Amino acid sequence: MSLSMGACPHAWQQHHLHHRGRMWAASPAFRRQLFLLRSLAPTCADGGRASSSSLRPHLMYAAAGPVYEADAEAVVRRITPPLDRARHKGQAGKIAIIGGCREYTGAPYFAAISALRVGADLSHVFCTKDAATVIKSYSPELIVHPILEESYSVRDDERESVSSSILAEVIKWMERFDCIVVGPGLGRDSFLMDCVGNIMRHARQANIPTVVDGDGLFLITNNIGLVEDNSLAILTPNVYEYKRLVQKVLNCEVNEENASEQLTALCQKIGGVTIMRKGKADLISDGKKVTQVSTFGSPRRCGGQGDILSGSVAVFSSWARHFLLSNEQPKETRKAAALAFEKNKRSTVTTDIIEFLGQSLEDICPAGR
Ligand SMILES: NC(=O)C1=CN([C@@H]2O[C@H](COP(=O)(O)OP(=O)(O)OC[C@H]3O[C@@H](n4cnc5c(N)ncnc54)[C@H](OP(=O)(O)O)[C@@H]3O)[C@@H](O)[C@H]2O)[C@@H](O)CC1
Ligand SMILES: Nc1ncnc2c1ncn2[C@@H]1O[C@H](COP(=O)(O)OP(=O)(O)OP(=O)(O)O)[C@@H](O)[C@H]1O
Ligand SMILES: [Mg+2]
């Protein structure tokens, strides 16, 4: 997602790694927020005008240039909208998750509730009818639309009309969303994939930023045109999803020796998109530069943490976009997985991490400010 900015955040230039900063840098919430650097850092790094004191080179790669670690906390603090009495519901973000099927109800829930816990005002889920009641029962906070269908529930002669009515239903809502997340718990049913492909095409026409995760990545890997040249698309692949993307798009295997160059090449080949490659170190690129987060958060790798990330990325990207458009003076967020692990150790699960999102946010940007 290419966002440009008139001036670099002043706080970046003032940054020094003090104790609080080090604690924050060790958290996975920090990793999530590093995505923002992709949004804000390119302009800062432009011509090296203001980036030198805020971004420190971590690794050097010949073809792709330096990979930077940066002060995500300052960026997040800057873009966070104020808790201002003059603001009304919806102004801090309206997010939609397209996902949730018979097998997976946890993933869309994690993504949607994380968006709310990070600070969005409204969080919707568009899922299959089977998944809807289950997701609603997890939380009354979510707005759940039971509109998607899988092949088993649609007769062959109904497919076209069902597909059209699904799209029509989503279109009614689409323009209201600041960002959509396609894929958490979506499943891979062929009819469902076709319908979601149509939804993605519509989102693109409507200029709605789109985070693609989980089975959404399976969909686009087999239909790369869905995100090709879309600068409002953010892909968040895990190790397997990245492997499949590289194989399909670059026609080769993942090369850890040249990870930065390969990521850059992948972004360039797809065109315009931002990719956040999750892993031991997260690598984020827009095809021009690469940012890295190598600090360690929680050692637990329980399923669902990527869903927290995709929901959070949706909120931060909409805040970043709004900030850049309105040039407001915002603030913001912090660690959750590290806190959850501190408390729950090996029994830490995704719900424990979500529980700590609020405290993490309060640490970086107190509500009373
Ligand atoms: N609580 C919930 O509802 C949750 C639901 N979720 C949802 O599940 C859906 C699928 O997402 P996903 O991440 O599990 O799928 P995918 O990346 O395919 O890996 C699955 C496994 O397959 C294997 N494997 C796959 N590819 C491989 C390869 N190339 N080479 C080798 N192995 C490979 C590998 O298994 P292993 O080999 O480690 O045994 C890997 O662990 C998606 O919608 C997501 O959102 C999650 O968010 C979690 C919480
Ligand atoms: N080896 C690792 N060390 C530290 N953090 C990691 C590691 N691998 C992934 N992470 C972090 O954990 C979070 C989830 O990444 P992961 O690769 O588990 O996603 P995922 O497989 O899509 O998760 P999900 O189960 O939700 O689908 C990300 O914030 C990522 O930065
Ligand atoms: Mg995932």
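What you see is a predicted model, and the numbers here were worked out from it, not measured in a lab. Each ligand, and each atom within it, is numbered from 1 in the order the structure gives.
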Checklist outcome for this item: Residue, atom and distance of the protein heavy atom nearest atom 11 (O) of ligand 1 read Glu241 OE2, 4.5 Å
Next on the checklist: Any salt bridge linking Arg188 with Asp215? Criterion: basic side-chain nitrogen under 4.0 Å from a carboxylate oxygen.
Outcome noted: yes
Checklist entry - With a 4.0 Å cut-off on heavy atoms, does Gly214 reach ligand 2? => result no
Checklist entry - For atom 4 (C) of ligand 1, what is the nearest protein heavy atom, given as residue, atom name and distance? => result Ala107 CB, 3.8 Å
Item to check | Polar side-chain atom of Gln359 near backbone of Phe356 as donor-acceptor pair, under 3.5 Å | outcome: no
Checklist entry - Looking at Pro184, which atoms of ligand 1 are within less than 4.0 Å of one of its heavy atoms? => result 45 (O)
Item to check | Within-cut-off N or O pair, Gly303 and ligand 1, under 3.5 Å | outcome: no
Item to check | Whether Phe126 and Phe177 hold their rings parallel, tilted or perpendicular, with breakpoints at 30° and 60° | outcome: perpendicular
Next on the checklist: Within ligand 2, which atoms have a heavy atom of Asp307 less than 4.0 Å away?
Outcome noted: 26 (O)
Next on the checklist: Between ligand 1 and Arg188, can you find any atom pair, the residue atom being a heavy atom, that is separated by under 4.0 Å?
Outcome noted: yes
Checklist entry - Any chance CG of Asp157 has more than 12 other-residue heavy atoms, nucleotides or ligands included, within less than 6.0 Å? => result yes
Checklist entry - In the protein, which heavy atom is nearest to atom 32 (N) of ligand 1, and how far is it? => result Tyr240 CE2, 3.4 Å
Next on the checklist: Is atom 43 (O) of ligand 1 near the protein, in the sense that some protein heavy atom lies at less than 4.0 Å from it?
Outcome noted: yes
Checklist outcome for this item: Here the atoms of ligand 1 under 4.0 Å from any heavy atom belonging to Lys243 are 29 (N), 30 (N)
Checklist entry - So is Gly183 close enough to ligand 1, meaning a heavy atom under 4.0 angstrom away? => result yes
Next on the checklist: I need the atoms of ligand 1 closer than 4.0 Å to a non-hydrogen atom of Leu186, numbered in the order shown.
Outcome noted: 43 (O)
Next on the checklist: Judged on heavy-atom distance to atom 1 (N) of ligand 2, which of Lys280, Arg300, Met276, Gln305 sits nearest?
Outcome noted: Lys280
Next on the checklist: For Lys343, is the NZ atom crowded, meaning more than 12 foreign heavy atoms sit under 6.0 Å from it?
Outcome noted: no
Item to check | Asn238 (side chain) donor-acceptor with Lys278 (main chain) under 3.5 angstrom | outcome: no
Item to check | N/O separation below 3.5 Å, Phe110 to ligand 1 | outcome: no
Checklist entry - Quick one: does Lys289's side chain have a donor or acceptor within less than 3.5 Å of a partner on Asp286's backbone? => result no
Checklist entry - Any idea which protein heavy atom is nearest atom 13 (O) of ligand 1, and the distance to it? => result Asn238 ND2, 3.3 Å
Next on the checklist: Please list the nearest protein heavy atom to atom 47 (O) of ligand 1 with its residue and the distance rounded to 0.1 Å.
Outcome noted: Asp307 OD2, 2.7 Å
Checklist entry - Can you check whether Leu192's main-chain N or O pairs, donor with acceptor, with Asp189's side chain at less than 3.5 Å? => result yes
Next on the checklist: Regarding ligand 2, does Asn238 bring an N or O atom to under 3.5 Å of one of the ligand's N or O atoms?
Outcome noted: yes
Checklist entry - Does the Trp319 side chain pair with the main chain of Pro81, one donor and one acceptor, at a distance under 3.5 Å? => result no
Next on the checklist: Show, in sequence, the C-alpha distance, side-chain angles and deciding distance for Ser139 and Tyr109, and conclude whether the side chain to side chain donor-acceptor pair (under 3.5 Å) test is met.
Outcome noted: CA-CA 8 Å; Ser139 168; Tyr109 164 76; 5.4 Å; no
Checklist entry - Taking N or O atoms only and a 3.5 Å limit, does Lys278 qualify as a polar contact for ligand 2? => result yes
Next on the checklist: Among all protein heavy atoms in this structure, tell me which lies nearest to atom 48 (C) of ligand 1, with the distance rounded to 0.1 Å.
Outcome noted: Gly304 N, 3.7 Å
Checklist entry - So which protein heavy atom does atom 25 (C) of ligand 1 come closest to, and at what separation? => result Arg244 NH1, 3.5 Å
Checklist entry - Does ligand 1 have any atom sitting under 4.0 Å from a heavy atom of Gly185? => result yes
Item to check | Val349 backbone acceptor or donor facing Gln305 side chain under 3.5 Å | outcome: no
Checklist entry - Backbone or side chain, does any N or O of Gly306 fall under 3.5 Å from an N or O of ligand 2? => result yes
Next on the checklist: Yes or no, since that's all I need: does a protein heavy atom fall within a distance strictly under 4.0 Å of atom 39 (O) of ligand 1?
Outcome noted: no
Checklist entry - Of all residues at least two apart in sequence or in a different chain, which pass the side-chain hydrogen bond (donor to acceptor under 3.5 Å, both in side chains) check with Ser164? => result none
Checklist entry - Can you list the other members of the hydrophobic cluster that holds Tyr104, where links are side-chain heavy atoms under 4.5 angstrom apart? => result none
Next on the checklist: If you measure every N or O of Asp282 against every N or O of ligand 2, does any of those distances drop under 3.5 Å?
Outcome noted: yes
Checklist entry - Can Glu256 and Arg277 be counted as an ion pair, charged N to O under 4.0 angstrom? => result yes
Checklist entry - Measuring to protein heavy atoms, does anything land under 4.0 Å from atom 22 (O) of ligand 1? => result no
Checklist outcome for this item: Gly303 heavy atoms within 4.0 Å reach ligand 2 at atoms 25 (O)
Item to check | Leu309, any N or O under 3.5 Å of ligand 2 N or O | outcome: no
Checklist entry - Got a donor-acceptor contact below 3.5 angstrom from the Arg300 side chain to the Thr348 backbone? => result yes
Checklist entry - Can you check whether Arg155's main-chain N or O pairs, donor with acceptor, with Glu158's side chain at less than 3.5 Å? => result yes
